[in-house]
Visitor: 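Right, I'll just put the structure down here and ask away after.
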2 protein chains.
Amino acid sequence: MSERDDAPTAATGGSKAPTIYDVARAAGVAASTVSRAFARPGRVNAVTAERIRRLAAELGYRVNPLASGLPTGRTSMLALVVSDVTNPFYAEIIRGAESAAAEAGFVLLLIDAQESDRVERASLERALPAVEGLVLAGTRLSDSAIRMTAKQRPVVVLNRDVADVPSITLDNPHGMLVTAEHLARLGHRTVTYVAGPAASWADGMRLRSLREAATGLDMRVQRVGPFAPTVAGGREAADALPEDLPTAVVAYNDQLAIGAMLALQARGVRVPEDVSMVGFDDIFPTRIVRPGLTTVAAPLRAQGRAAVDALLSSRGNPAPRTGKPMTLPVKLVVRDSTAQARRTRRPSS
Amino acid sequence: MSERDDAPTAATGGSKAPTIYDVARAAGVAASTVSRAFARPGRVNAVTAERIRRLAAELGYRVNPLASGLPTGRTSMLALVVSDVTNPFYAEIIRGAESAAAEAGFVLLLIDAQESDRVERASLERALPAVEGLVLAGTRLSDSAIRMTAKQRPVVVLNRDVADVPSITLDNPHGMLVTAEHLARLGHRTVTYVAGPAASWADGMRLRSLREAATGLDMRVQRVGPFAPTVAGGREAADALPEDLPTAVVAYNDQLAIGAMLALQARGVRVPEDVSMVGFDDIFPTRIVRPGLTTVAAPLRAQGRAAVDALLSSRGNPAPRTGKPMTLPVKLVVRDSTAQARRTRRPSS
DNA sequence: CTGAAAGCGCTAACAC
DNA sequence: GTGTTAGCGCTTTCAG
């Protein structure tokens with residue numbers, strides 16, 4: 001009992017962190033036994049294992065993930081790449097990914113591309129050798145660059161379909177279908193789509209899906225854009241709308257919708273009386289803006305979680321099951337930004 | 001030139017990542033020379049160094065940060081702890097920290113405490129041995145737990161003053177002073193402070209500062225709370241306000257202010273005509289809410305950046321200059337949520 | 001200026 | 001079950 005007192009407890013600090021050898025010496029066993037006691041509890045005498053763990057705790061020993069990662073390649077780290085941490089869209093994805101990672105005993109490296117190729121490549125380069133896999137939630141990398149990365153480490157791409165790389169996307173077609181139906185039901189005959197980034201896979205997908213859905217409902221869709229997927233981009237979009245305002249606007253994402261709505265309101269246009277607005281994603285701000293934004297809600301947190309789960313389960317599996325992309329369901333959340341279409345100003349011919 | 005063609009370029013992938021030995025062999029030098037060529041370019045013949053680097057690039061060699069961190073302790077990783085990634089308040093801090101880290105060639109480990117001690121401790125435990133320092137931007141740890149952590153690795157705490165640990169705070173007194181002055185100028189004689197988390201250092205600081213400032217201006221301040229520092233918390237706060245509404249409300253942060261404002265508006269109270277509202281931080285949503293929220297703007301991004309700069313510069317410095325906390329300036333941003341005080345309903349006695 | 005050799009802390013065969 | 005022995009990839013004396 002007395003050695004307990006002077007044993008530096010957990011973080012008594014100062015001196016160097018105890019190593020596996022310190023524990024081994026204290027327990028009177030070989031280092032490999034200590035290692036086993038932590039990694040393969042089954043493979044070691046239950047009572048010694050227990051003693052070792054107790055001693056380790058007393059000494060404040062923690063396995064050094066770097067050191068254990070060297071020989072095994074198992075670093076217990078995952079990287080998450082987003083194009084802009086500041087974008088609330090990513091907040092939920094990060095949360096989902098981080099908590100799934102933490103639950104599995106993994107740590108998350110956050111890479112913020114800051115909307116810049118250069119920054120992204122450099123950070124990725126640095127993180128790559130250290131991680132066991134990566135989630136590309138928002139990336140500027142080309143498909144081929146992504147494929148190269150995927151050859152070095154397991155990769156899961158979000159909201160983008162890259163051949164031969166596992167991906168998790170949203171059910172954009174369904175989202176656009178229910179949006180179109182909702183609008184049609186309200187009497188809208190024509191809708192303007194405010195496009196997001198030109199290079200965005202999701203943007204192309206959404207426009208196409210909206211067009212298809214509209215066709216079946218005998219609605220017309222026109223497009224303005226592309227715009228940066230931000231509130232500022234949305235403000236610009238408002239200026240790009242045709243003089244003769246459409247009765248309904250569907251934006252690539254919530255920020256664009258919010259920006260456009262704000263700009264429109266600033267010039268006296270009423271939402272939803274004059275124009276109905278629909279966003280996509282259901283980020284938090286849709287709830288604090290007035291009127292509340294009708295939007296296609298995406299299970300962002302689940303998406304982040306699913307991404308790391310996929311990464312984790314792919315570990316060891318020889319075949320990186322690169323089947324069809326996994327698709328997550330979305331649903332329309334109707335708030336106050338959509339309403340009955342006003343009578344069209346434009347003469348019917 | 002011909003060996004250039006079959007040398008696997010950058011990420012041609014497949015085989016294992018090239019090691020320093022592969023480069024050494026290709027260059028016909030010892031591994032130690034390759035190491036020097038990267039780490040201490042001065043200590044090696046300029047032309048061989050150049051040749052080594054070229055070869056390394058051709059082979060797609062990258063130093064493995066884990067391996068190099070083992071013998072040196074320099075892992076090029078920093079950890080950032082936030083209590084809730086989902087909180088826009090942290091978005092800017094993360095951005096600032098991440099970019100400063102990236103510029104210095106560091107990678108950032110993100111730890112989301114999810115408002116839970118347990119989660120935070122566990123994640124911290126895991127990350128600690130791997131990082132060269134940590135920024136505690138939002139933590140539930142006790143002061144003493146923080147001090148213990150600080151003994152193991154350099155730590156910088158944000159928005160909290162922990163004895164013996166470097167910290168970076170905002171100029172709360174000044175923020176509250178200008179807020180009080182602004183309100184006094186508009187004729188408000190009494191203001192209600194909506195308090196944030198009970199345990200928050202910043203909350204106590206703000207309330208105290210507001211009280212002091214108010215005293216000098218002959219204003220009265222009452223307090224309601226504590227509340228969770230979220231929009232939902234703000235909605236609750238609205239219900240806790242005295243029946244006879246104050247003419248001005250100052251909230252611990254923007255989210256609380258926004259939540260309170262929305263709840264008040266929902267029950268027909270006009271902002272700012274009936275009550276003026278002031279927030280703190282100037283997170284993005286203050287700009288999309290109606291009316292725009294008057295708030296004390298904090299240089300969040302700069303704060304994140306300053307934190308990692310402090311960590312980086314403390315490396316190697318023997319004395320972890322644990323002087324007085326660094327304080328960042330704030331300024332009042334006046335938008336539309338504050339206006340002339342309505343005549344007080346309450347009879348003057 | 002460069003090579004050889006000894007580890008960093010941990011794991012993984014391989015013996016006993 | 002447990003100890004021994006090699007390394008993982010890189011850095012760092014220490015010689016030359």
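Chain A is the first sequence line, chain B the second, and so forth, proteins listed ahead of strands; every chain is numbered from 1.
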Visitor: Between D:dT11, C:dC10, C:dA12, spot the one nearest the side chain of A:Thr72, thanks.
Guide: C:dA12
Visitor: Write down the atom of B:Val131, the atom of B:Leu78, and the distance for their closest heavy-atom approach.
Guide: CG1-C, 3.9 Å
Visitor: For A:Leu59 and C:dG9, give me the distance from atom CG to atom P, rounded to whole Å.
Guide: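 Interatomic distance, CG of A:Leu59 to P of C:dG9: 15 Å.
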Visitor: Is B:Asp22 reaching over with its side chain to a backbone N or O of B:Thr19, donor-acceptor style, under 3.5 angstrom?
Guide: yes
Visitor: Give the nucleotide from the list C:dC10, D:dC10, D:dG3 with an atom nearest to the side chain of A:Arg36.
Guide: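 The listed nucleotide nearest to A:Arg36's side chain is D:dG3.
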Visitor: Judged by modelled atom types alone, do A:Ser76 and B:Arg126 share a side-chain donor-acceptor pair under 3.5 Å?
Guide: no
Visitor: Nearest to the side chain of A:Thr33, which nucleotide is it out of D:dT2, D:dC10, C:dC10?
Guide: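 Among the listed nucleotides, the one closest to the side chain of A:Thr33 is D:dT2.
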Visitor: To the nearest angstrom, how far is B:Leu70 atom CG from C:dC10 atom P?
Guide: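 In whole Å, C:dC10 P lies 9 Å from B:Leu70 CG.
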Visitor: Classify B:Val63 by what it touches in the nucleic acid, base, sugar-phosphate, or nothing, heavy-atom distance under 4.0 Å.
Guide: sugar-phosphate
Visitor: For A:Asn45 and D:dG3, give me the distance from atom CG to atom C1', rounded to whole Å.
Guide: 15 Å
Visitor: Taking the nucleotide of DNA chain C with the nearest heavy atom to each, does A:Arg40 or B:Arg43 sit closer to the 5' end?
Guide: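 Going by which nucleotide is closer to the 5' end, it is B:Arg43.
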Visitor: Quick one: which of C:dT11, D:dG3, D:dG9 gets closest to the side chain of A:Ala30?
Guide: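 In terms of side-chain proximity for A:Ala30, the closest of C:dT11, D:dG3, D:dG9 is D:dG3.
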Visitor: Atom CZ of B:Arg25 to atom P of C:dA4: distance rounded to whole Å?
Guide: 14 Å
Visitor: Strictly below 4.0 Å: does A:Tyr61 bring a side-chain N or O up to OP1 or OP2 of C:dC10?
Guide: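 Checking A:Tyr61 against C:dC10: at least one side-chain N or O falls below 4.0 Å of OP1 or OP2.
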Visitor: Donor-acceptor check, side chain of B:Arg140 to backbone of B:Ala113, threshold 3.5 angstrom: yes or no?
Guide: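 No; judged by distance alone, with no hydrogens or angles, the pair does not exist.
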Visitor: Taking only side-chain nitrogens and oxygens of A:Ser32, does any of them come within less than 4.0 Å of OP1 or OP2 of C:dC10?
Guide: no
Visitor: Roughly how many Å is it from CD1 in B:Ile20 to P in C:dA5, rounded to a whole number?
Guide: 17 Å
Visitor: Go nucleotide by nucleotide along DNA chain D from the 5' end; which of A:Ala49 and A:Tyr21 gets its closest nucleotide reached first?
Guide: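 Of the two residues, A:Ala49 wins.
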Visitor: Base, sugar-phosphate, or nothing for A:Val34, non-hydrogen atoms under 4.0 angstrom?
Guide: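 Since no nucleic acid heavy atom lies under 4.0 Å of A:Val34, the category is nothing.
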Visitor: To the nearest angstrom, how far is B:Leu66 atom CG from D:dG9 atom P?
Guide: 11 Å
Visitor: Which nucleotide in the list C:dG7, D:dT12, C:dG9 gets nearest to the side chain of B:Arg74?
Guide: D:dT12
Visitor: Determine whether the aromatic ring centres of residues B:Tyr61 and B:Tyr21 are separated by less than 6.0 angstrom.
Guide: no
Visitor: Taking the side chain of A:Thr48 as heavy atoms from C-beta outward, which of C:dG9, D:dT2, D:dC10 is closest to it?
Guide: D:dT2
